[in-house]
Participant: 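Take this structure first; my questions come after.
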Amino acid sequence: MQYVRPKRFTINPICFSMRCLWDISTPHMEGAKHEINRKSIEERQQMDELSRIRHSCAHVLATAVLRIWPEAKLDIGPPTDEGFYYDFDLEHRFTPDDFEKIEAEMKKVVKENQTFDYSEKSREEAKEYYQTINQPFKLERIDDIPEGEQITFYQNGEFLDLCAGPHVPRTGNVKAFKLLRLAAAYYRGNENNPQLQRIYGTAFKNKTQLSDWLEKHEEAKKRDHRKIGREQGLFTISPTVGQGLILWMPKGAIVRTELQNFMQSELLQRGYNPVFTPHIGSIDLYKKSGHFPYYKDSQYPTIKADEHEEYLLKPMNCPHHIQIFAAERHSYRELPVRLAEFGTVYRYEQSGELSGMTRVRGLTQDDAHLFCTQEQVECEIRDTVDLTLKTLRTLGLNNYRVQVSLRDPDSDKYTGDLSNWNAAEETLSRVAKDMEIIHENVPGEAAFYGPKLDFMVKDCLGRDWQLGTVQLDYNLPERFDLQYIGSDNAPHRPVMIHRAPFGSFERFMGILIEHFAGNFPLWLAPEQVRILPITANQNDYGHKIFDELKAAGFRTSIDLSGEKIGAKIRSAETAKVHTMFIVGQKELESESISIRIHGKGDQGSKTVPEAISSLKTHISERIL
RNA sequence: GCCAGUGUAGCUCAGCUGGUAGAGCAGCUCAUUCGUAAUGAGCAGGUCACCGGUUCGAAUCCGGUCUCUGGCUCCA
């Protein structure tokens, strides 16, 4: 099961023109239906203006940097979803302290209100120009522009830049900007190339929009699952155990268990068969599956048992499940066989790539492998897509986008023959279209064994993550020589579908924490009900209710501290306890409770049986 | 892995140019018995990430290592 995180900003460096940028940075879809895209034309026009401002601001940045460091070598400076960047090669190492200086110079450029002037050069003139002023990256970039296409420049003040535009009319139109962070970026995104220094910034139409965005960004940081995870005691990572290895704390474990129970009941209803497989597998298994050469760079070292035996911590579950399928002879009448496992796998991701729960080295997938006939493929894919959509819907994750991950025709890293690949890609695209799922085709993102339908969700800082995935695979059945007996009494090759609606519990949990900002719905809440007696005189009554709730299966507690009710409420609110039952003398005498819901305040009073039945409905219907 | 930044009590953070560590919250104890987001008092809590160097003296300066953060690259 392949599990990817695509690049944050998909900017093709060859695409200088905004026209091209358009094609790639289309606005994200809000939901699954085609019609939702309607209002986005207006958004596009707005975005177009914003992109022009940001693109122009990148030029202003380059102008300022060249004034301060004339020896700087320039690469490119496009707008992005959130702002812009410009890449420089320079002996001087930028530090955040330089920002003040650079921004001051940028302000001067803005104040000078320079015009952005369009011009064209012939290929020779352009090359000669960059040779003369010694800008090697720009020189190389000229070669990226296809023959016959216009080579265009924009000039503001003393700065002339290879660029297809468009820009705002004058630097004075760049009214509100801020430099944000420094990063290294490989030239042309290739790690064998030298690293350039990238300056990220953002720009808006006016100062209000800029400060709104900055404020929103600060707010978003408060939702960070790493912060909430620590505050709420959901999970921890101990360097003593190892980087990227999640330790689920009791409260986090409750949420995970609920998610798993939800999924398990869906699987049973949909005809899956749960299986269990070990955490390691012989290296021969992975050589046969073809995983080994691909996986080599990101595996934990192999475990050598003796001279002849070598094992791998399993990086994926598919080869194990294949062995279960292969252990028995199958008639076409039994197909599809759907083998499901919450399977834990280990991948030695590069240290710099690890991130909280969203990028880890040990993860548990809600994995399953479906073995079916060619005729069944489409129906099975539909059901797995349906399950994935239901999963996202159940959690209220409506802001996802769907990516059809296809092979890169120019790469040789894929296995299997072309006709199967084409058939598989065609099937996935057709299902996506038939089910009216807005999607984009992304070549080069397929697994080595087949194309995928990936469900992507953004985290609180705007980073894209793959959660659910559906993968169509003609290759592993071939490699393992899998068979079933058809109605013609002859052996046939089954088709495999790999799928995981959550993706992994770790990543899904990380996204979910941020989605709910730690305020889980009742069915997931680690602590569902806390009983708050107003004084110690109601402790016994509170205990009685506590016992009733326990007996009814709720996750509950009672606050017997000597604090005032205000403090007890505050402590429950801070702990994000979903529901509070407040009991004072009044409630004791009327055999009732006063209900308060986290974040919603006082809900009035009810009798205990009334309250219990309403909570039960909330849970069984998974109300958000 | 690469580039940059960061690391002081459980958490959030002070600690000026080197003189041997401080607050709030959380925790514990006692008092308080209170009606929808903080009752008061007291106590306890740190090998200043780690290792080494400079210095009479290092949280502070220098070097190295590690963690974490933001990017880049990678990702079955």
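Order of the sequence lines sets the chain letters (A, B, ...), proteins ahead of strands, with each chain counted from 1.
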Participant: Give the residues of residues 220-238 of chain A touching RNA chain B, defined as any heavy atom closer than 4.0 Å, sorted by residue number.
Facilitator: A/Arg226, A/Arg230
Participant: Would you say the side chain of A/Leu61 lies within less than 4.5 Å of the side chain of A/Ile102, judging by non-hydrogen atoms?
Facilitator: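 Yes, their side chains come closer than 4.5 Å.
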Participant: Sticking with atom P, work out how far B/rU29 lies from B/rU69, rounded to a whole angstrom.
Facilitator: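 Going atom to atom, P in each nucleotide, I get 35 Å.
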Participant: Counting Watson-Crick and G-U wobble pairs only, both distances under 3.5 Å, name the nucleotide matched with B/rA49, or none.
Facilitator: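 By the stated definition (distances under 3.5 Å), B/rU65 pairs with B/rA49.
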Participant: Please tell me which of A/Tyr346 and A/Gly244 maps to the more 5' nucleotide of RNA chain B, matching each residue to the nucleotide holding its nearest heavy atom.
Facilitator: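 It is A/Gly244 whose nearest nucleotide is closer to the 5' end.
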Participant: Cationic tip of A/Arg361 within the cone over A/Tyr348's six-membered ring, i.e. under 6.0 Å and within 45° of the normal?
Facilitator: yes
Participant: OP1, OP2 of B/rC68 versus side-chain N and O of A/Gln243: anything below 4.0 Å?
Facilitator: yes
Participant: Could you check which nucleotide pairs with B/rG42 in any of the strands shown, counting Watson-Crick or G-U wobble with both distances under 3.5 Å?
Facilitator: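 Across any shown strand, B/rG42 pairs with B/rC28.
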Participant: With rounding to the closest Å, how many angstrom separate the P atoms on B/rG10 and B/rG46?
Facilitator: 8 Å
Participant: For the base of B/rG71, is there a side-chain donor-acceptor partner from A/Tyr186 under 3.5 Å away?
Facilitator: no
Participant: Using the P atom on both, measure B/rA49 against B/rG42 and round to a whole Å.
Facilitator: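 After rounding to an integer number of Å, I get 31 Å for this pair.
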Participant: Less than 6.0 angstrom from the centroid, inside 45 degrees of the normal: does A/Arg198 satisfy that with respect to the ring of A/Tyr85?
Facilitator: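 Ring-cation test returns yes.
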Participant: List the residues meeting side chain to side chain donor-acceptor pair (under 3.5 Å) with A/Asp98, not counting sequence neighbours, and say none if there are none.
Facilitator: A/His92
Participant: Any chance you could list the contact pattern along nucleotides 28-42 of chain B? Use B for base contacts, S for sugar-phosphate-only contacts and - for none, protein heavy atoms under 4.0 Å, 5' to 3'.
Facilitator: ----BBBBBBBB---
Participant: Measure from the side-chain heavy atoms of A/Ala185 and tell me the nearest of B/rA4, B/rG1, B/rC72.
Facilitator: B/rC72
Participant: Heavy atoms only, 4.0 Å cut-off, all strands: where does A/Gly290 land among base, sugar-phosphate and nothing?
Facilitator: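 Answer is nothing: A/Gly290 stays at 4.0 Å or more from every strand.
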Participant: Which whole-number value in Å describes the distance from A/Arg359 CZ to B/rC68 P?
Facilitator: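 After rounding, the gap between these two atoms is 14 Å.
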Participant: The criterion is ring-ring contact (aromatic ring centres under 6.0 Å, His included); which residues satisfy it with A/Phe137, sequence neighbours excluded?
Facilitator: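 Testing A/Phe137 for ring-ring contact (aromatic ring centres under 6.0 Å, His included), a comparison that skips the adjacent residues, returns A/Tyr187.
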Participant: Taking atom types as they are modelled, would you say the side chain of A/Gln195 forms a donor-acceptor pair with the base of B/rC3 within the 3.5 Å cutoff?
Facilitator: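 No.
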Participant: How close or far is atom P of B/rU67 from atom CD of A/Gln350, stated in whole angstroms?
Facilitator: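 Value for this atom pair: 14 Å.
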Participant: Could you tell me whether the side chains of A/Gln471 and A/Tyr449 share a donor-acceptor contact shorter than 3.5 Å?
Facilitator: yes
Participant: Which whole number of Å gives the distance between the C1' atom of B/rG52 and that of B/rA58?
Facilitator: 13 Å
Participant: Any idea which of B/rG71, B/rA4, B/rC74 is nearest the A/Arg93 side chain?
Facilitator: B/rA4
Participant: What integer number of Å spans the P atoms of B/rA31 and B/rU36?
Facilitator: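 The same atom, P, in both gives a distance of 26 Å.
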Participant: Would A/Glu219 and A/Lys216 pass as an ion pair if we require N to O under 4.0 Å?
Facilitator: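 No.
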Participant: Could you tell me how far apart A/Glu349 (CD) and B/rC74 (P) are, to the nearest whole angstrom?
Facilitator: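 After rounding, the reported distance stands at 13 Å.
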Participant: Tell me the salt bridge (Lys or Arg N to Asp or Glu O under 4.0 Å) pairs involving residues 591-603 of chain A, sequence neighbours left out?
Facilitator: A/Lys544-A/Glu591, A/Glu573-A/Arg596
Participant: Taking salt bridge (charged side-chain N to carboxylate O under 4.0 Å, His left out) as the definition, give me every residue that meets it alongside A/Lys101, ordered by chain and number, with sequence neighbours left out.
Facilitator: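 If we apply the salt bridge (charged side-chain N to carboxylate O under 4.0 Å, His left out) test to A/Lys101, skipping adjacent residues, there are no hits.
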Participant: Strictly below 4.0 Å: does A/Gln197 bring a side-chain N or O up to OP1 or OP2 of B/rA4?
Facilitator: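 No.
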Participant: So, are A/Arg407 and A/Glu425 salt-bridged, with charged N and O less than 4.0 Å apart?
Facilitator: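 No.
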Participant: In whole Å, measure the gap between the P atoms of B/rG70 and B/rC13 for me.
Facilitator: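 Approximately 15 Å lies between the P atom of B/rG70 and that of B/rC13.
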